[in-house]
Number of protein chains: 2
Amino acid sequence: MKAFYGDLKLGILGGGQLGRMLIQQAINYNVTVKVLDPDRNAPCKKLCDEFVVGSLSDYETVYNFGKQADLLTIEIEKVNVDALAQLEKEGVLVYPQSRIIRLIQDKGLQKQFFKENDIPTAAFKIISSVEELKEKHFHYPYIQKLRKDGYDGRGVYKVWDESYLENAFTEPSVIEELIDFEKEIAVIVARNALGEVKTFPMVEMEFNPEANLVEFLISPSLLNFEIHERAEHIAIQIAEKLNIVGLLAVEMFLDKHGNILVNELAPRTHNSGHQTIEGNVVSQFEQHLRAIFNQPLGNTACLNNAVMVNILGEEGHEGPAVYQNLEEILKLEGVYVHLYGKALTKPMRKMGHVTAIDADREKAIEKARYVQKTLKVVS
Amino acid sequence: MKAFYGDLKLGILGGGQLGRMLIQQAINYNVTVKVLDPDRNAPCKKLCDEFVVGSLSDYETVYNFGKQADLLTIEIEKVNVDALAQLEKEGVLVYPQSRIIRLIQDKGLQKQFFKENDIPTAAFKIISSVEELKEKHFHYPYIQKLRKDGYDGRGVYKVWDESYLENAFTEPSVIEELIDFEKEIAVIVARNALGEVKTFPMVEMEFNPEANLVEFLISPSLLNFEIHERAEHIAIQIAEKLNIVGLLAVEMFLDKHGNILVNELAPRTHNSGHQTIEGNVVSQFEQHLRAIFNQPLGNTACLNNAVMVNILGEEGHEGPAVYQNLEEILKLEGVYVHLYGKALTKPMRKMGHVTAIDADREKAIEKARYVQKTLKVVS
């Protein structure tokens with residue numbers, strides 16, 4: 001492989017905020033970056049050597065884009081995998097590998113993979129039609145998830161009792177036992193082509209039951225050490241079974257009985273790792289670059305308590321984005337603002353994130369709460 | 001002033017590594033960035049919304065470039081100040097202000113400013129011709145510095161005795177007592193338009209007497225607290241006398257008698273502040289943006305010991321740059337590589353820098369020494 005600076009052409013499928021933060025880090029290594037995204041105003045547009053507007057799901061578009069790169073990576077799973085498989089055959093490095101993207105694109109295959117490899121996960125069944133759902137008997141309540149194309153809460157439906165069946169998805173789906181969880185936790189793991197594997201310390205999500213939303217991400221988690229070890233072991237096990245090259249985010253539930261159950265995988269940088277930019281020795285973006293460039297992985301230790309808040313478009317506002325009270329946020333110490341360069345806001349759109357660090361965990365949480373109630377994206 | 005995100009057009013005069021690292025940080029604030037540089041392959045080229053190739057010293061070029069910005073800043077002092085003064089009259093914000101750039105461009109005016117404001121500095125005289133130098137009697141040895149256009153050691157000449165006069169500069173210059181210094185130290189100070197002022201903790205340079213070169217920059221300095229206080233006080237005094245908006249780097253000597261003498265000013269981000277990216281709560285780049293956007297200044301405290309090494313082009317190598325042993329460097333923990341995206345190397349050209357952090361200062365220095373002897377830029 002070429003030296004990973006100067007001459008190496010890195011292609012990124014997807015030009016959103018994950019690509020943007022990856023480029024921000026890649027600048028340190030002189031990498032030549034090309035980006036493909038359907039949105040001509042995607043967050044990466046101005047920051048790369050070449051920005052190509054085109055569909056990520058179209059075979060020809062992805063193939064032609066990839067053919068001009070030495071190394072391809074993704075910042076979104078929904079890409080044309082057949083084109084990536086062909087590019088791999090023709091000698092382009094694709095990390096994560098196309099077979100892993102294909103597996104993870106399909107929640108049915110993902111669940112089967114867990115089962116086959118003794119990865120703990122909620123009990124599930126695969127359903128090919130709504131008739132099958134109605135014919136068979138499952139314990140209520142349960143969750144129905146579309147096998148493909150669901151994300152950020154879309155493609156997920158809760159079936160509380162028989163009366164909910166009439167609005168159930170009609171497409172192929174997975175139905176899953178509803179877990180009454182204690183905590184949502186996540187571990188990001190990296191693996192390079194030499195087989196070196198490293199996890200970031202486990203993080204936990206702070207849930208707001210009123211808003212029914214993850215409010216914050218807290219790093220490192222304060223759950224007991226044995227849970228950390230178990231969660232990190234599971235993440236490593238998955239990365240090694242997959243032989244993935246690159247980053248893998250493993251989202252898990254800790255149930256009320258202390259069991260850890262894997263919820264979902266993302267074979268890329270992830271929202272649950274943004275706090276690593278300021279909170280850890282290396283960030284998830286640096287680590288992903290090191291992994292796909294087959295370089296030594298960095299030390300993932302936490303430098304500080306870090307609490308991350310997503311900055312979402314305010315309800316009732318759609319149009320050109322205006323950021324209110326940013327000045328108030330910048331008065332706080334150890335608070336880092338990351339805006340994603342999106343011109344238009346809409347309700348719940350991820351417009352940026354803020355990370356608060358502090359040697360005192362409670363103070364970091366306090367700052368994050370203040371950010372959350374103060375910084376508003378309106379139009 | 002417009003909100004400092006989204007709609008604000010920031011123009012940067014100079015497209016080198018300082019501009020590059022400033023953009024890397026400005027990405028977090030959605031700023032629209034335009035860059036002017038004479039080199040069509042300048043490090044900022046691919047990272048800004050608009051890159052203009054043109055002379056920084058030409059009135060028309062600077063004026064036309066600046067006319068399309070809301071706010072102008074610099075990453076190099078050698079720019080056309082008359083154009084900036086005119087733009088200020090026409091309502092463009094120029095930070096640092098043109099009168100400060102004019103003062104600092106001229107080492108004679110700079111020294112007079114120190115004298116008039118009781119800023120401690122080496123004794124000096126201003127010379128308008130080589131004849132004047134020969135006519136007058138000064139104590140040998142002394143240093144002759146060109147009033148204008150000297151930088152990175154250029155434009156500086158040591159006069160050890162009379163025999164050196166024949167090679168002395170013939171242009172207007174400053175002659176200065178040669179300080180037998182104990183340490184070179186530096187303080188970076190920021191001031192915003194509201195008058196808020198903050199210094200970064202003082203750093204010291206580790207000199208290699210054999211190579212006659214600054215080897216490392218060490219942050220924070222371990223000199224005693226009283227020296228820190230005095231140096232920071234001097235930096236604040238200068239920033240306030242100048243009423244500067246933006247960053248000001250103050251390079252000083254600590255002489256053998258414990259006196260602090262100001263050597264030179266730079267009204268911008270500076271090589272002596274690169275370690276703040278990983279070593280301090282806010283970096284010098286973030287702080288400069290906050291200052292020129294008139295936002296609250298950030299906490300400058302050190303998070304860790306940080307040792308910075310410049311990565312210079314190897315002697316005897318000129319041409320397309322090749323970076324040797326980067327993989328060895330990435331094996332170290334807490335070591336951060338910043339390459340500047342320069343395609344061509346030449347002897348002593350600044351091609352990048354590496355910062356090593358460690359809770360143990362000696363270990364940070366050890367890592368930096370290893371980087372210095374291991375990472376080579378050849379062609």
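These numbers come from a predicted model, not from an experiment. Quick note on labels: first sequence line is chain A, next is B, and so on, each numbered from 1.
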J.: Please say whether more than 12 non-hydrogen atoms of neighbouring residues, nucleotides or ligands are located less than 6.0 Å from NZ in A/K346.
T.: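 No.
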J.: Are A/K350 and A/Y340 in a cation-pi contact, defined as NZ or CZ under 6.0 Å from the six-membered ring centre and within 45° of the axis?
T.: no
J.: Is it the side chain or the backbone of B/V33 that comes within 4.5 Å of chain A heavy atoms, both, or neither?
T.: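 Neither part.
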J.: Shorter than 4.5 Å, heavy atoms on both sides: which option in B/L47, B/L303, B/V335 has the most such pairs with chain A?
T.: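 The candidate making the most pairs under 4.5 Å is B/L47.
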J.: Picking from B/K46, B/E278, B/Q25, B/E328, which has the most non-hydrogen pairs under 4.5 angstrom with chain A?
T.: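 With the most close heavy-atom pairs to chain A, the winner is B/K46.
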J.: Kindly compute the distance separating NZ (A/K34) from CG (A/D70), expressed to the nearest 0.5 Å.
T.: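 The CG atom of A/D70 is 10.5 Å from NZ of A/K34, to the nearest 0.5 Å.
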J.: As an exercise: rank B/K331, B/R290, B/E333, B/Q24 by heavy-atom pairs under 4.5 Å with chain A and give me the winner.
T.: B/Q24
J.: Among B/M21, B/H338, B/K342, single out the residue with the greatest number of heavy-atom pairs under 4.5 Å to chain A.
T.: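 Heavy-atom pairs under 4.5 Å are most numerous for B/H338.
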J.: Given the rule in the side-chain hydrogen bond (donor to acceptor under 3.5 Å, both in side chains) test, do B/H288 and B/E75 qualify, once you have shown the distances and angles that lead to the verdict?
T.: CA-CA 11 Å; B/H288 184 62; B/E75 61 116 53; over 6 Å; no
J.: Under a 4.5 Å heavy-atom cut-off, does chain A meet the side chain of B/L332, its backbone, both or neither?
T.: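 B/L332 has no heavy atom closer than 4.5 Å to chain A.
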J.: Does either side chain, that of A/Y29 or that of A/E286, offer a donor lying less than 3.5 Å from an acceptor on the other one?
T.: yes
